[in-house]
Amino acid sequence: PVRVITNQSTGKTGVLLAADLVSAGAKVTLIYGAGKESPPKGVKLVRVETSKEMYDAVRKEMKQKFDIVILAAAVSDYTPEKSSTTKIKSVHDKITLKLKRVPKIIDIIKKIQKNVFLVGFKAETNLSKEKLVNAARNKLKESSADLIVANDIGLSKYKKNTNYINVIIVNSTRVIQSGWHKKSDIVKFIRKEIES
């Protein structure tokens, strides 16, 4: 109830993308976790705290018909096997946590709605462009996604200013790179690729 295992994602890209899509006239449902950004006005907001809650919320929302599903959240791949109901005291020199893998949300989307346009995100660290593209292509095939937006969050350029990113968008026929831009411009780039 006190400490959690999480990641360093702020949720900014997802929030900016939702805002941009609302501005473009889309009806947007935003399933939003523990991000630091304020959700945009005009979305149907579903708040979640855990990876299981996000998984369950996606399954529930997918009972409705969607044209496009964008999975930009940096959902944890692992969760504690057993959570403590009380604060773990700091009296031990070491503790061991057993983690279990959580289900990949992207893997269920096309099983629920076969014809939805699926956009996934793939964050990696310290890979060459070629390896990043290959990782995105693998994710594209594994998940039956239509687009994968990949980026390298291990680069020193990114770490110095996380408001600027460079993404590579991979689909079944091509690879396109954005170049380094503000996240607010990158989401427009992503939206245009989805629209095309």
Side-chain angles (χ1 to χ4, degrees), residues 4-83 99-124 135-151 153 165 167-172 183 186-187 189-191 193-195:
V4 297
I5 295 174
T6 187
N7 60 56
Q8 298 178 49
S9 177
T10 62
K12 187 169 190 167
T13 302
V15 165
L16 287 172
L17 196 49
D20 191 66
L21 290 164
V22 166
S23 294
K27 184 178 172 186
V28 176
T29 298
L30 176 64
I31 300 175
Y32 192 48
K36 296 177 179 119
E37 301 294 317
S38 296
K41 288 183 172 41
V43 300
K44 174 185 173 185
L45 182 63
V46 178
R47 283 278 193 184
V48 296
E49 289 184 13
T50 67
S51 54
K52 180 172 180 357
E53 286 176 7
M54 184 166 282
Y55 182 88
D56 292 344
V58 169
R59 285 186 67 90
K60 182 180 177 187
E61 290 301 319
M62 291 293 294
K63 289 178 182 174
Q64 300 173 55
K65 173 78 175 96
F66 286 89
D67 297 313
I68 302 165
V69 171
I70 302 169
L71 299 174
V75 181
S76 181
D77 291 325
Y78 293 91
T79 190
E81 209 171 71
K82 194 170 87 175
S83 296
L99 303 176
K100 63 181 179 183
R101 197 166 169 200
V102 299
K104 288 283 196 190
I105 295 171
I106 196 168
D107 293 342
I108 65 165
I109 301 301
K110 292 277 187 159
K111 292 173 184 167
I112 298 170
Q113 288 187 32
K114 186 179 178 183
N115 297 321
V116 74
F117 190 86
L118 178 57
V119 180
F121 277 64
K122 183 79 176 141
E124 289 289 348
R137 282 189 175 130
N138 288 339
K139 179 53 77 179
L140 193 75
K141 288 176 194 164
E142 290 168 7
S143 63
S144 301
D146 298 284
L147 284 180
I148 295 292
V149 181
N151 68 320
I153 59 172
I165 58 172
V167 299
I168 297 172
I169 297 181
V170 176
N171 68 21
S172 60
K183 283 186 178 180
I186 293 295
V187 298
F189 174 76
I190 294 168
R191 178 174 52 85
E193 283 302 305
I194 292 169
E195 288 171 350

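N171 places no side-chain N or O within 3.5 Å of a backbone atom of D146 that could act as its donor or acceptor partner. Checking side-chain atoms of E124 against main-chain N and O of A150 turns up no donor-acceptor pair under 3.5 Å. Counting only distance, with no hydrogens or angles, the side chain of Q113 and the backbone of F66 share a donor-acceptor pair below 3.5 Å. Proximity of a side-chain donor or acceptor of Y32 to a complementary backbone N or O of V15 within less than 3.5 Å is not detected. Formation of a donor-acceptor pair under 3.5 Å by the K110 side chain with backbone atoms of V116 is found in this model. Listed for the E53 side chain is no donor-acceptor partner under 3.5 Å among the backbone atoms of G33.
The line from OG of S143 to NZ of K111 is 10.5 Å long, rounded to the nearest 0.5 Å. A distance of 5.0 Å separates CD in E193 from CD1 in I169, rounded to the nearest 0.5 Å. To the nearest 0.5 Å, atom CE of residue M54 and atom CD1 of residue I105 are 6.0 Å apart. From K36, atom NZ reaches atom NZ of K12 across 12.0 Å, with rounding to the nearest 0.5 Å. Here CD1 of I109 is found 11.5 Å from CD1 of I70. Values are rounded to the nearest 0.5 Å. Taking OG of S144 as the start and NZ of K139 as the end, the distance is 11.0 Å to the nearest 0.5 Å.
Residues V75 and S51 come closest through the heavy atom pair CG1-CB, 3.5 Å. Listed here is the closest heavy atom pair of A57 and V48: CB-CG1, 3.9 Å. Among all heavy-atom pairs drawn from S76 and V102, the shortest one is O-CG2, 2.9 Å. Between G42 and V22 the shortest heavy-atom distance is O-CG2, 3.9 Å. Considering all non-hydrogen atoms of both residues, A72 and G14 come closest at CB-CA, 4.1 Å. Across all non-hydrogen atoms, the minimal contact from R191 to A24 is CD-CB, 3.9 Å.
The shortest side-chain heavy-atom distance between P40 and L30 falls under the 4.5 Å cut-off. Side-chain contact check for V170 versus K122: every heavy-atom pair is 4.5 Å or farther apart. With a 4.5 Å cut-off on side-chain heavy atoms, V167 and F121 do not count as touching. At a threshold of 4.5 Å between non-hydrogen side-chain atoms, the residues T13 and I186 do not count as touching. Looking at D77 and R101, their side chains never come closer than 4.5 Å, going by heavy atoms from C-beta outward.
Across V46, V69, V58, a single residue satisfies side-chain contact (heavy atoms from CB on, under 4.5 Å) together with T29, and that is V46.
K104 and E142 are not joined by a salt bridge, as no carboxylate oxygen comes within less than 4.0 angstrom of a charged side-chain nitrogen.
Applying the 6.0 Å contact sphere to NZ of K82 captures no more than 12 heavy atoms from other residues, nucleotides or ligands.
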Kindly indicate, with the supporting measurements, whether the criterion salt bridge (Lys or Arg N to Asp or Glu O under 4.0 Å) is fulfilled by D56 and K60.
CA-CA 6 Å; D56 292 344; K60 182 180 177 187; over 6 Å; no
